[in-house]
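Data first, discussion second: the structure below is written as structure tokens.
Atoms within each ligand, like the ligands themselves, are counted from 1 in listed order. In this text, all values refer to a predicted model and were calculated from it rather than measured experimentally.
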Amino acid sequence: MGSTEKLRLGVNIDHVATVRNARGGAYPDPLRAARIAEQAGADGITAHLREDRRHISDADIEGLMEVLSVPLNFEMAATDEMQKIALRHKPHAVCIVPEKREERTTEGGLEVAREENKLAHFIAPLRDAGSRVSIFIAADPRQIEAANRIGAEVIELHTGAYCDAFAEGRFEEADAELAKLRDMSTFAHSLGLEVHAGHGLTYDTVSPVAAFKEVRELNIGHFLIGESIFLGLEPAIAEMRRLMDEARA
Ligand code: PXP
């Protein structure tokens, strides 16, 4: 795999739904945002159906499955309710994310190592239904090995610690987190896992991660929706796309 291989951008539209839900109506519509994201160069749309439905709704997921011409990456907790919904829609990808404190590692990823058996059983039907299963984890070899053992095809590395350190001016720590992300991308790739990354990425933090040749996809949401207030959604996404392509070149 060469560094020239195109890096995919998944645009997370959850926070369009956050703004909509602040008024309880239908505006702004996340499906409209998804269509604009496609036009702006998104290779996929990511949406997290949370157990408390704080942003994306069941109807949004149904609508996205109907209208999207790019793949849907359905983020969900490992619960029976979410598994049923995923099995009904059979999205292109399912990303298992932690929602409760006890499901998380200190770095914020899913605690896979402690829950291996349970998660292996949980993801098997999703894989059988044809969804690519991704696990959102910290850049930690124990979690990567566990994700591999349970049969995940993809891991998504949590970039939150890197982005937080950068945003708060702790640059040495940001560099150390970045080195971990780089090493763990290489390690996961050597096990045969496809590597994605995301959480908290901005124009200032995206380039070094985009340059890791083992990373095949970035999922970015909050910053892009925030930036769209100032630039508009299409230009905000197009600029992210440009920075990713430039870092990859
Ligand atoms: N990837 C995963 C697995 C996530 O859970 C999220 C947040 O929902 C993101 C990426 C996007 O993070 P952000 O909204 O901070 O860009």
Q) Any N or O of His48 that comes nearer than 3.5 Å to an N or O of ligand 1? A) no
(Q) Check this for me, if you would: do Asp245 and Arg241 make a salt bridge, where the nitrogen-to-carboxylate-oxygen distance has to be below 4.0 angstrom? (A) yes
Q: Have a look at Met76 and tell me which of Leu49, Val97, Val94 forms a side chain to side chain contact (heavy atoms under 4.5 Å, CB included) with it.
A: Val94
(Q) What protein heavy atom lies closest to atom 16 (O) of ligand 1? Include the residue and the distance to one decimal. (A) Gly221 N, 2.7 Å
Q) Given the rule that I, L, V, M, F, W and Y join up when any side-chain heavy atoms are under 4.5 Å apart, are Leu243 and Phe223 in one cluster? A) yes
(Q) Among all protein heavy atoms in this structure, tell me which lies nearest to atom 14 (O) of ligand 1, with the distance rounded to 0.1 Å. (A) His222 N, 2.8 Å
Q) Hey, does His15 come in under 3.5 Å of ligand 1, counting only N/O atoms on both sides? A) no
Q: State plainly whether the residues Glu239 and Arg242 are in salt-bridge range, i.e. N to O under 4.0 Å.
A: yes
Q.
Starting from atom 12 (O) of ligand 1, what is the nearest protein heavy atom, named by residue and atom, and what distance separates them?
A. His199 CA, 3.4 Å
Q.
Could you tell me if the side chain of His55 sits less than 4.5 Å from the side chain of His15, heavy atoms only?
A. yes
Q: For Glu168, check side-chain contact (heavy atoms from CB on, under 4.5 Å) against everything at least two apart and list the hits.
A: Asp164, Arg170
Q: Identify, by atom number and element, the atoms of ligand 1 in contact range of Gly200, meaning under 4.0 Å from any of its heavy atoms.
A: 12 (O), 13 (P), 15 (O), 16 (O)
**Q.** Salt-bridge present (Lys100, Glu51; N to O < 4.0 Å)
**A.** yes
Q. Near Ile220, which atoms of ligand 1 are under 4.0 Å from a heavy atom of that residue?
A. 16 (O)
Q) Between His158 and Phe136, does the ring centre distance come in under 6.0 Å? A) yes
Q. If you measure from each non-hydrogen atom of Asn12 to ligand 1, which part falls under 4.0 Å: side chain, backbone, both or neither?
A. side chain
Q. Considering only protein heavy atoms, which is closest to atom 11 (C) of ligand 1, and at what distance to one decimal place?
A. Asn219 O, 3.7 Å
Q: Check ligand 1 against Glu156 and write out every atom of the ligand that is under 4.0 Å from a heavy-atom position of the residue.
A: 1 (N), 2 (C), 3 (C), 10 (C)
Q. Which bit of Glu75 is near ligand 1, meaning a heavy atom under 4.0 Å away: side chain, backbone, both or neither?
A. side chain
